[in-house]
2 protein chains.
Amino acid sequence: MVTKVKKKQANLCPVSAMLELIGGKWKPVILYCLRNDTRRFGEIAARIPAISRKVLTDQLKEMENDQLVIRKQYNETPPRVEYSLSERGKSMGPLLAEMEKWGNEHILQV
Amino acid sequence: MVTKVKKKQANLCPVSAMLELIGGKWKPVILYCLRNDTRRFGEIAARIPAISRKVLTDQLKEMENDQLVIRKQYNETPPRVEYSLSERGKSMGPLLAEMEKWGNEHILQV
DNA sequence: TACTTTAGTTACCATGTGGTTACTACTCAT
DNA sequence: ATGAGTAGTAACCACATGGTAACTAAAGTA
């Protein structure tokens, strides 16, 4: 078995590099969902009903690889897994807030 | 003939809505290329050699639809077309600068 | 014994996005 | 008559992303 490391060929543009981190369809929503709280997988799924479990798993995995979220697994049955924002994930908060502000001012108000 | 209006089903999240505007692979680069200057199609293509003409056309069209850039066509031969940032496009400048800063601090420095 | 619960995985499919290559229209200069 | 130069189009293809449905493991509970 080979460990797959996503090789998004080093992006030298900081803006594009940053956008790749939150580029997935659901990543901003997930970040928002975790912004203040640690949540279990099922909780996240319940709060974002439109996302399928497979895609949620995929996105969380990518975000873990990108060190945006931390995954903590408890070896119990039934399984329990908790997700929370890493420092890097938290550091994105203000930026997301700015994007939100821009969006409100320049898109939704139309 | 039916005019195609891209129906990106109204996105109520301002962050996602904003990300859709710059979500294309080359859009941040194009915005950067036009940030201070009006440029002809060929100029943009020359400054972003990695992008194909077709994709450049596509992206510029989308950005025009999204009112990020203004396309000005002169009816001469050979044709001349100039692209520049709209007010909305310019208003994105500070946000892009923040993203750049974040990218530099949290990705590239590693 | 069978069912429930959680956090996934597997196999498969549909679509969107980006990409390549060749082609066009029109006029001026050679 | 031919070629150059500009801003595209047209036809086609490959891959990444997102989506569905069915399945799994392990222990506790009825």
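A, B, ... follow the sequence lines: proteins, then strands. Residue 1 opens every chain. Below, all heavy atoms of this structure are taken into account, side chains as well, without hydrogens, waters or symmetry copies.
- The side chain of B/R71 sits closest to D/dG8 out of C/dG19, D/dG8, C/dT6.
- Note that B/R39 lies outside the cation-pi zone of B/Y83, set by a 6.0 Å cut-off to the ring centre and a 45° limit from the axis.
- For B/K54, taking side-chain heavy atoms from C-beta onward, the closest of the listed nucleotides D/dG19, D/dA7, D/dA11 is D/dA11.
- Using a 4.0 Å heavy-atom distance criterion, A/Y83 is classed as a sugar-phosphate-only contact.
- Between A/R53 and A/T77, the one whose closest nucleotide on DNA chain D sits nearer the 5' end is A/R53.
- For B/K61 and C/dT17, the NZ to P distance is 15 Å, given to the nearest whole Å.
- Both A/T57 and B/D58 sit near DNA chain C, but only A/T57 has its closest nucleotide nearer the 5' end.
- Projected onto DNA chain C by closest heavy-atom contact, A/P78 and B/Q59 fall at different nucleotides, the more 5' of which corresponds to A/P78.
- Looking at B/K90 and B/E87, a side-chain N of the basic residue comes within less than 4.0 Å of a carboxylate O on the acidic one, giving a salt bridge.
- At distances below 3.5 Å, not a single donor-acceptor pair connects side-chain atoms of B/R80 with backbone N or O atoms of B/K72.
- Using a 4.0 Å cut-off between a side-chain N of Lys or Arg and a carboxylate O of Asp or Glu, A/E62 and A/K27 qualify as a salt bridge.
- Side chain B/K25 to base C/dG18: no donor-acceptor pair is found below 3.5 Å.
- Position along DNA chain D of the nearest nucleotide to B/E82 versus A/V55 favours B/E82 as the more 5'-ward residue.
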